[in-house]
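No experiment lies behind these values; they were computed from the predicted model shown.
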Number of protein chains: 2
Amino acid sequence: MKGKIDSKNSKKSVTLEIEQSRRAGLSCVKRLPAYLQLLRILQAEGNEYVSGTVLASVHHLEPVIVRKDLAITGIIGTPRIGFRVNELIAAIERFLGWDIQTKAILVGAGNLGTALLGYRGFENFGLQIVAAFDRDPRKVGRWLKGRRVQPLEQLVKFARRNRITLGVLTVPGDVAQEAANLMARAGIRGIWNFTPTKLDVPADIVTQKEDLAEGLAVLSHRLHYLSRTKGL
Amino acid sequence: MKGKIDSKNSKKSVTLEIEQSRRAGLSCVKRLPAYLQLLRILQAEGNEYVSGTVLASVHHLEPVIVRKDLAITGIIGTPRIGFRVNELIAAIERFLGWDIQTKAILVGAGNLGTALLGYRGFENFGLQIVAAFDRDPRKVGRWLKGRRVQPLEQLVKFARRNRITLGVLTVPGDVAQEAANLMARAGIRGIWNFTPTKLDVPADIVTQKEDLAEGLAVLSHRLHYLSRTKGL
DNA sequence: ATTATATCGTTATAAAAATAACGATACAAA
DNA sequence: TTTGTATCGTTATTTTTATAACGATATAAT
Ligand SMILES: NC(=O)c1ccc[n+]([C@@H]2O[C@H](COP(=O)([O-])OP(=O)(O)OC[C@H]3O[C@@H](n4cnc5c(N)ncnc54)[C@H](O)[C@@H]3O)[C@@H](O)[C@H]2O)c1
Ligand SMILES: NC(=O)c1ccc[n+]([C@@H]2O[C@H](COP(=O)([O-])OP(=O)(O)OC[C@H]3O[C@@H](n4cnc5c(N)ncnc54)[C@H](O)[C@@H]3O)[C@@H](O)[C@H]2O)c1
């Protein structure tokens, strides 16, 4: 069932093969954090086991989806009982690489950047924002949520010296590309992009665009639909 | 002018409208805002036309995907030329219901809530956050990004009086459900949920969960994979 | 006028994801 | 012991989404 790729279609592009070779569907990976969040609560409540059925019902999913999702982490459950909560948390964290803290820098200490710097939840996702950079001289030097805002000129040196692999991008959209270029020069491997700008980066750099408008579009469309069909 | 395909066309448009109000592909709806963002830039630069091919190349998509996505908005392009930028913007906005500004309230004026209140981009998405509510007495009464923070007790009255249909939820996860209940009592129709808590709401309320961890999981997984296969 | 070509819109096919189906297993109760 | 059942993990099947294929059309070039 798994097997090697038949090299039938060479057009199929490297990206797909990469994702397939790990056998992790994108939608599956996206659901894992939600399970993790719930598992942490169950753990705190002292539960030793949890069934896929319970995880499914909370998130309004079919149990079989949950079981399949969890399967890619390598976890094995016991029939009639479920999964060990501790083991499951460890398996998901390990699969996502969240068992080891990754150091990140943030570029653009504005509204959103400040909020992200102040978010305590990232440590649960293996993320540690260790420094913030900004171009605005009025912000440089100030302390923000426990980090001192540094000038852009320091970025490359800092990132290289501290072996930073991940960058969080929260600058205005029209300067996003140049900030990304700077990150690339600094040896950053992954960019978490909160700007509405699609970035152009070397092939060995991974970008993830976080677009709030996507979710709002879905919400708006659903509401719009409801109001048209139910006449509300 | 188009007499020869008239009968076929009318039949098709009926089908399309049904499908439009019924279920537009989720992935399609999610891509529309990205097109819109680029279109606004093109419009500001004075471009009159844009081809699906151009939109596709910027976002690293296949042209046919773009054309199909745009088709659900009802827009019609001209071969060899493309689409009128103005018309396309209007069509997407109309499809998403973003041509009319929707009034929203925000509950939880903390780190993230403040950032969202300060975001000027929402007016491009037909969203207008007109009020903020918080439980913390130290925050109530203060001005935040041009809005006065109001106590929770005012929420129901305010929302009903101002016919608010949309709520933005940025409270801590463990009180998210009760805040959502309050919104439901206030007649809110849609909840944009930024907490990691899966909400339980009446069937006639639409919720959209915005989970940053999803995107981070994808990014982490890609990086993790890269580091294991390319040994970097 | 003819040809070339970039693009459109639709239809056909392939790939991914969700859902259904089903046998296997661990424990509880009769 | 036997039966009942909630769950697991795997293997179909269906649905959704992405990609490929193709004829049609508007404009520019020959
Ligand atoms: N605030 C939100 O809620 C929100 C929501 C969705 C998307 N976004 C996006 O996030 C980004 C930031 O939004 P914001 O509201 O925080 O904007 P902001 O203006 O508050 O912050 C931007 C910060 O980037 C700094 N900056 C500007 N140019 C820079 C450069 N070249 N290098 C480094 N820093 C630079 C500015 O000094 C400022 O501090 C924008 O692209 C925006 O579209 C924000
Ligand atoms: N800050 C981020 O970058 C970030 C990122 C991802 C997710 N989130 C999520 O967003 C939510 C808010 O995060 P935050 O960092 O802004 O937290 P925060 O603590 O800074 O803000 C929470 C605010 O909600 C208020 N509040 C508490 N209980 C309330 C209630 N019952 N009704 C109304 N208001 C109430 C608090 O007084 C506070 O002002 C959390 O659920 C968090 O997990 C935040």
Side-chain angles (χ1 to χ4, degrees), chain A residues 1-3 5-32 47-57 59-85 87-88 91 214 218, chain B residues 1-2 4-5 8-9 11-13 15-16 19 22-32 47-57 59-85 87-88 91 214 218:
Chain A
M1 262 330 72
K2 24 134 159 244
I5 295 101
D6 288 335
S7 71
K8 206 191 304 189
N9 25 12
S10 50
K11 174 75 174 85
K12 201 68 233 123
S13 96
V14 183
T15 324
L16 253 173
E17 282 185 26
I18 285 173
E19 296 193 353
Q20 272 187 342
S21 69
R22 285 258 112 226
R23 290 202 295 155
L26 199 60
S27 1
C28 157
V29 173
K30 286 183 176 176
R31 283 188 294 260
L32 292 178
N47 300 63
E48 191 176 0
Y49 287 94
V50 65
S51 72
T53 314
V54 169
L55 289 175
S57 72
H59 290 291
H60 302 145
L61 297 166
E62 294 298 317
V64 67
I65 292 187
V66 176
R67 293 201 299 271
K68 269 194 185 166
D69 287 348
L70 300 183
I72 76 161
T73 70
I75 195 78
I76 294 175
T78 37
R80 174 82 211 236
I81 305 296
F83 304 86
R84 275 203 128 80
V85 173
E87 276 180 20
L88 195 40
E214 272 187 19
V218 174
Chain B
M1 183 174 285
K2 44 177 64 175
K4 80 171 173 183
I5 52 167
K8 195 162 122 188
N9 202 20
K11 205 174 197 175
K12 209 150 271 174
S13 63
T15 317
L16 240 177
E19 279 187 9
R22 233 192 182 165
R23 34 149 208 205
L26 197 61
S27 359
C28 158
V29 174
K30 286 184 177 176
R31 281 187 295 259
L32 292 178
N47 300 63
E48 192 177 357
Y49 286 94
V50 65
S51 71
T53 314
V54 168
L55 290 175
S57 73
H59 290 292
H60 301 145
L61 297 167
E62 294 298 318
V64 66
I65 293 186
V66 176
R67 293 201 299 270
K68 269 194 184 166
D69 287 348
L70 300 184
I72 75 161
T73 69
I75 194 81
I76 294 174
T78 36
R80 173 83 208 230
I81 303 296
F83 304 84
R84 274 203 131 81
V85 173
E87 277 181 18
L88 196 40
E214 272 186 19
V218 174

**Request:** Determine whether B:Leu61 and B:Arg31 make a side-chain contact, defined as any pair of heavy atoms from C-beta on separated by less than 4.5 Å.
**Result:** yes

**Length of the CZ-P vector between A:Arg80 and D:dT5, whole Å** = 10 Å

**Residue-phosphate contact under 4.0 Å: A:Ser51 side-chain N/O, D:dT7 OP1/OP2** = yes

**Complete:** Here the distance between atom C1' of D:dC8 and atom CG of A:Asp69, to the nearest Å, is 15 Å

**Asked** Rounded to the Å, how far apart are B:Leu70 CG and C:dT10 P?
**Response** 12 Å

**Request:** Find the distance B:Lys68:NZ to D:dC22:C1' and express it as a whole number of Å.
**Result:** 13 Å

**Request:** Kindly say if B:Arg67 contacts the phosphate of D:dA18, meaning a side-chain N or O under 4.0 Å from OP1 or OP2.
**Result:** no

**Request:** Would you mind reading off the distance between B:Tyr49 atom OH and D:dT25 atom P, rounded to a whole angstrom?
**Result:** 18 Å

**Complete:** The nucleotide from C:dA18, C:dA20, D:dT27 with an atom nearest the side chain of A:Ile65 is C:dA18

**Asked** Considering only side-chain heavy atoms of A:Phe83, which listed nucleotide, D:dA12, D:dC8, C:dC27, is closest?
**Response** D:dC8

**Request:** Using only side-chain N and O atoms of A:Thr78, determine if any of them is under 4.0 Å from OP1 or OP2 of C:dA26.
**Result:** no

**Request:** Could you state the atom-to-atom distance from CD1 of A:Ile76 to P of D:dC8 in whole Å?
**Result:** 13 Å

**Message:** What is the separation between atom CD on A:Glu87 and atom P on D:dC8, rounded to the nearest whole Å?
**Reply:** 14 Å

**Item:** Non-hydrogen side-chain atoms of B:Leu55 and B:Asp69 separated by less than 4.5 Å
**Value:** no

**Message:** Of the options D:dT7, D:dT17, C:dA12, whose atoms approach the side-chain atoms of A:Pro79 most closely?
**Reply:** D:dT7

**Fill in**
Between A:Lys30 and B:Glu214, the two heavy atoms sitting closest are O-CG, 3.1 Å

**Message:** Using OP1 and OP2 only, check whether a side-chain N or O of A:Arg31 sits under 4.0 Å from C:dA18.
**Reply:** yes

**Request:** Tell me which nucleotide among C:dT10, C:dA20, D:dC8 gets nearest to the side chain of B:Val64.
**Result:** C:dT10

**Request:** Using atom CD1 of B:Ile72 as one end and atom C1' of C:dT10 as the other, report the distance to the nearest whole Å.
**Result:** 16 Å

**Complete:** Residue pair A:Glu62/B:Gly82 against DNA chain C: nearer the 5' end by closest nucleotide is B:Gly82

